[in-house]
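Contents: one structure, followed by commentary.
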Amino acid sequence: MDREDWRQIQKELDRLYELHEAAVSQAGKCRDFNSQAALFLERLEEMGADDLADRVMDLLAGCSPKDFSPCDNRMSTKGSLERLKERLKGKLD
């Protein structure tokens with residue numbers, strides 16, 4: 001993968017992070033986040049970014065969307081997203 005591929009992944013991850021932050025305060029966004037994270041996982045697998053795909057798979061394993069109550073794992077998911085961003089930063093350096 002070239003640098004532009006990694007930049008595109010970074011943009012998608014940033015968008016996913018922002019969606020997760022919105023999901024914390026808006027009912028219904030949690031399912032959107034889960035769906036988008038699954039699509040992100042699929043894209044990473046297609047691109048051969050297996051190390052990041054494994055981390056996203058772990059994130060999804062702990063993600064259980066709820067419509068009318070706060071997410072039990074929101075801080076864990078947020079931490080996973082932040083670690084993913086740091087890992088990706090290493091790929092761009």
Side-chain angles (χ1 to χ4, degrees):
M1 290 187 1
D2 65 18
R3 189 169 177 81
E4 187 55 39
D5 291 331
W6 291 116
R7 282 191 187 129
Q8 185 61 35
I9 289 172
Q10 183 180 37
K11 286 179 187 177
E12 290 180 42
L13 183 57
D14 288 343
R15 187 179 56 78
L16 197 60
Y17 184 87
E18 293 302 318
L19 182 58
H20 181 262
E21 289 300 299
V24 170
S25 63
Q26 296 177 13
K29 292 284 185 186
C30 205
R31 289 197 187 281
D32 290 342
F33 169 78
N34 187 275
S35 295
Q36 292 301 312
L39 292 171
F40 184 56
L41 169 62
E42 185 178 339
R43 179 158 159 70
L44 290 172
E45 289 173 337
E46 288 172 356
M47 295 177 79
D50 297 330
D51 58 332
L52 292 177
D54 287 345
R55 300 291 69 83
V56 174
M57 196 176 307
D58 291 343
L59 180 146
L60 282 168
C63 184
S64 55
K66 297 182 179 187
D67 289 326
F68 302 109
S69 62
C71 175
D72 297 332
N73 299 320
R74 67 183 166 86
M75 293 309 291
S76 175
T77 300
K78 181 177 181 173
S80 294
L81 288 167
E82 289 170 351
R83 287 187 297 279
L84 269 169
K85 289 173 92 169
E86 285 302 312
R87 184 175 278 215
L88 186 55
K89 190 186 268 188
K91 305 251 185 219
L92 289 167
D93 290 341

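Reckoned from all heavy atoms, side chains included, excluding hydrogens, waters and symmetry mates.
- A salt bridge links K91 with D51; the closest basic N to acidic carboxylate O contact falls under 4.0 Å.
- Within the model, atoms NZ of K78 and CE of M75 stand 5.5 Å from one another, a figure rounded to the nearest 0.5 Å.
- A search for side chain to side chain donor-acceptor pair (under 3.5 Å) contacts involving E45 returns nothing, not counting sequence neighbours.
- Nearest approach of A37 to V56, heavy atoms of both residues: O-CG1, 3.7 Å.
- From D5, atom CG reaches atom CG of L44 across 11.0 Å, with rounding to the nearest 0.5 Å.
- At least one side-chain heavy atom of I9 sits less than 4.5 Å from a side-chain heavy atom of F40.
- When side chains are defined from C-beta on, K85 does not count as touching Q10, because their heavy atoms never get closer than 4.5 Å.
- Looking at L60 and M57, their side chains never come closer than 4.5 Å, going by heavy atoms from C-beta outward.
- The nearest pair of heavy atoms linking N34 to C63 is ND2-SG, 3.3 Å.
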>> As a quick check of understanding, evaluate side-chain contact (heavy atoms from CB on, under 4.5 Å) for M47 and L52, giving each step before the final call.
In response: CA-CA 11 Å; M47 295 177 79; L52 292 177; over 6 Å; no

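- The closest donor-acceptor contact from the side chain of N73 to the backbone of G62 lies under 3.5 Å.
- Residues satisfying the salt bridge (Lys or Arg N to Asp or Glu O under 4.0 Å) criterion with D32, sequence neighbours excluded, are absent altogether.
- Once rounded to the nearest 0.5 Å, the distance linking CD of E82 with CG of L13 reads 10.5 Å.
- Both M1 and L84 are members of a single hydrophobic cluster when ILVMFWY side chains are connected at heavy-atom separations under 4.5 Å.
- Legend: residues meeting side chain to side chain donor-acceptor pair (under 3.5 Å) with R83, ordered by chain and number and at least two apart, are S80.
- To the nearest 0.5 Å, atom CD of residue E21 and atom CG of residue L16 are 11.0 Å apart.
- Between D14 and K11 there is no salt bridge, since no side-chain nitrogen of the basic residue lies less than 4.0 Å from a carboxylate oxygen of the acidic one.
- The CG atom of L81 sits 7.5 Å away from atom OH of Y17, with the distance rounded to the nearest 0.5 Å.
- Annotation: the span from Q36 atom CD to H20 atom NE2 amounts to 14.0 Å, rounded to 0.5 Å.
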>> For E18 and R15: C-alpha separation, side-chain torsions, deciding distance, then whether salt bridge (charged side-chain N to carboxylate O under 4.0 Å, His left out) applies.
In response: CA-CA 5 Å; E18 293 302 318; R15 187 179 56 78; over 6 Å; no

